[in-house]
Amino acid sequence: MQKILDLISEEMKQAFEAAGYDPELGKATLSNRPDLCEYQCNGAMAGAKKYRKAPLAIAQEVAENLQNSETFSQVDAVAPGFLNMKVKESFVRDYLRDMSGADKFGFQTPESKKIIIDYGGPNVAKPLHVGHLRSGIIGESIKRICRYAGHDVIGDIHLGDWGLQMGLIITELHKRQPDLIYFDDSYEGEYPKEAPFTISELEEIYPTASAKSKEDDSYKADAMDATYKLQSGVRGYRALWDHIIAVSVADLKKNYANLNVEFDLWKGESDVHDIIPGMVEEMKKGGYAYESDGALVVDVKEETDTKEVPPCMILKSDGASLYNTTDLATIMDRMENFHPDRLIYLTDKRQDLYFEQVFRCARKTKLVNEDTELVHIGFGTMNGKDGKPFKTREGGVMRLENLIREINEEMIRKIRDNAQTKGYEIDVEQARETAKIVGLAAIKYGDLSNQASKDYIFDLDRFTSFEGDTGPYILYTIVRIKSILAKFEEQGGKLTDIVIQEAVNDPEKSLMLELTKYNAMMEMVCEEIAPHKICAYIYDLANVFNRFYHETKILTETDNDRKAGWIALLKLTKEILETCIELLGFSAPDRM
Ligand code: ARG
């Protein structure tokens, strides 16, 4: 479907042309004076110079041509030369009827592309903490948005499963349990199926080992040696590594499932280990990689750089590969196996320069095609109320599970308070279930409503509030509509034979006009990969809906057509809100 602003602009363009002016002057925009009009056009101001005529005179001629328009109920030429328009109720009604019947409410999807989204990026054996929250939440939403836009999308978690942390864990295990069969070089039999540790032990082992390695050089040397042995395929080490991965991944799956985050691929840095030597060889042969202080590097600086962009290091002087190396090899692997048109990465924005280097290196060494799009979305930090990175009350790193627990507890409290004020009973189990759904919305909306690159403050009380720009407020609005629709059906109404009517009051028209913006909003969201614009839209939509709701007695309306028209409007509002929250990665309960 055409966007409503395009339809309006077209009508304006014809009017400019009919008056003898350049039709391009007819571009319309939303009004920035909603008290005066709904749309406006500033073309007469722009045309004044070209036609050597007073802008007001031009505006008046154009307005004259629109007096009998099917689209406008009012077109005013006002000093010094603005055109202020209001659209007819019938025009809006017809537009919304078309939207209700159209696929994706008339949102026209762009040309379909193959996209890989690299998000989540947790490191195996390290506890999942709030730092990984943003990557998971934003990445999941972007994946859903891209899919909705008709692209062929693969989400890959890209586990950090190959670095020094693995060697550290193995070293610590060795110190604690030197008799483990995995450390017996002469052992040739099969290794046990059961891991010699649990996830809680694993999560304790890593920080312990990491702390020791910082204080003790020989411990660190052991860990590096263990990493080397693992990477060169020593059997016992590989078997231990398999256990670490299995135990960690099971835990990660549980955590991400709680967040409604789902990956298509569970690949990791380790998956490209075998293709690194070949890639490095090619980079040398192509004359791109050269030795510098013993290390192998590729220059990636460009003439237009205003800041220093250091070379991309491919191998360290001891021949070991780095984070860079696995990322480049992963790009090569993805290109060969999936032929993506676009690769999107989500990490903390502190990795901005890193990805700039990797992308330049990938282009220079021809790992990607000339038109492959490489996109890094660097997000800001989630801060506490003190403006510093979010911590537990004790000052430690907050584990994701605990954060979710805190939110859910607060949500249960608010849900029960709300039930009490409204005077209905809610049992504990039901409150708990609802709190899980609403709590997730609170976290995700709290995050996604900020532009990704910005830092934001995690505010438990605000995020879980039923009022204001929050997830629970949006859900509350949806639940309210659901309940009206259910009552309408209880009264014998049918949701299948209702149709949107002309607006009869201002709040209703505002709601209708807000709904007409859907496809333009969605187009922008997809173009800019900007989930926060969905949040801004549904917040506005929920606000205009609630204003309409408070001023209209819907279910007691005696004019049946009018009532059915309102119900149709509510149904469309609900469907749009539900589509939007689905794209943000959460859902609404039936009651709250
Ligand atoms: N594991 C990394 C970290 O915790 C994030 C991985 C991001 N993805 C990538 N392809 N580099 O910093």
Side-chain angles (χ1 to χ4, degrees), residues 115-140 142-143 153-169 203 206-207 210 227 244-245 248-249 251-252 255-256 261 263-273 275-276 279 300 312-314 321-338 340 342-363 367-368 372-382 389-390 397-400 452-453 529:
I115 301 178
I116 296 182
I117 306 186
D118 178 313
Y119 68 111
N123 299 313
V124 164
K126 299 190 195 174
L128 200 60
H129 59 75
V130 295
H132 294 109
L133 184 68
R134 296 211 76 190
S135 183
I137 290 179
I138 305 170
E140 179 69 19
I142 291 175
K143 183 187 78 184
V153 190
I154 299 173
D156 184 3
I157 189 167
H158 198 72
L159 293 169
D161 60 359
W162 204 231
L164 181 62
Q165 89 260 28
M166 311 309 292
L168 283 164
I169 294 167
E203 286 179 350
Y206 171 74
S210 164
T227 312
I244 302 174
I245 298 294
S248 270
V249 164
D251 185 60
L252 285 170
N255 272 295
Y256 279 116
V261 171
F263 300 95
D264 306 295
L265 293 179
W266 281 77
K267 291 198 164 216
E269 296 173 1
S270 65
D271 282 288
V272 293
H273 175 69
I275 61 172
I276 287 177
M279 179 187 78
V300 292
C312 192
M313 198 188 284
I314 309 296
S321 55
L322 306 97
Y323 184 44
N324 291 331
T325 329
T326 50
D327 258 324
L328 287 162
T330 304
I331 292 179
M332 185 169 101
D333 184 50
R334 287 174 178 163
M335 292 305 292
E336 271 172 21
N337 291 309
F338 302 104
R342 184 189 287 165
L343 290 164
I344 302 177
Y345 294 79
L346 278 125
T347 75
D348 188 299
K349 67 184 173 200
R350 279 171 289 188
Q351 294 191 31
D352 276 352
L353 176 63
Y354 167 76
F355 276 101
E356 182 70 48
Q357 289 175 294
V358 169
F359 291 170
R360 285 186 185 186
C361 185
R363 275 198 200 292
L367 292 181
V368 295
T372 311
E373 292 171 74
L374 299 170
V375 183
H376 174 236
I377 299 178
F379 49 80
T381 313
M382 175 169 137
F390 190 78
V397 178
M398 177 66 107
R399 302 213 6 203
L400 195 57
S453 61
I529 323 184

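Counting starts at 1 for both ligands and their atoms, in listed order.
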Undergrad: Rounded at 0.5 Å granularity, tell me how far CZ in Arg334 sits from CG in Asp156.
TA: 4.5 Å
Undergrad: With Arg342, which of Val375, Val153, Ile116 fulfils side chain to side chain contact (heavy atoms under 4.5 Å, CB included)?
TA: Val375
Undergrad: Suppose we screen for side-chain contact (heavy atoms from CB on, under 4.5 Å). Which residues come up paired with Arg399, at least two apart in sequence or across chains?
TA: Pro127, Glu203, Glu401, Asn402
Undergrad: Would you please classify the geometry between the Phe355 ring and the Tyr345 ring as parallel, tilted or perpendicular, with 30° and 60° separating the classes?
TA: tilted
Undergrad: Which class fits the ring pair Trp266 and Tyr256: parallel under 30°, tilted 30 to 60°, perpendicular over 60°?
TA: perpendicular
Undergrad: Tell me which residues fall inside the under-4.0 Å heavy-atom shell around ligand 1.
TA: Asp118, Gly121, Asn123, His132, His158, Tyr323, Asp327, Tyr345, Thr347, Gln351, Phe355
Undergrad: Verify whether one side chain among Tyr354 and Asp327 offers a donor that lies under 3.5 Å from an acceptor in the other.
TA: yes
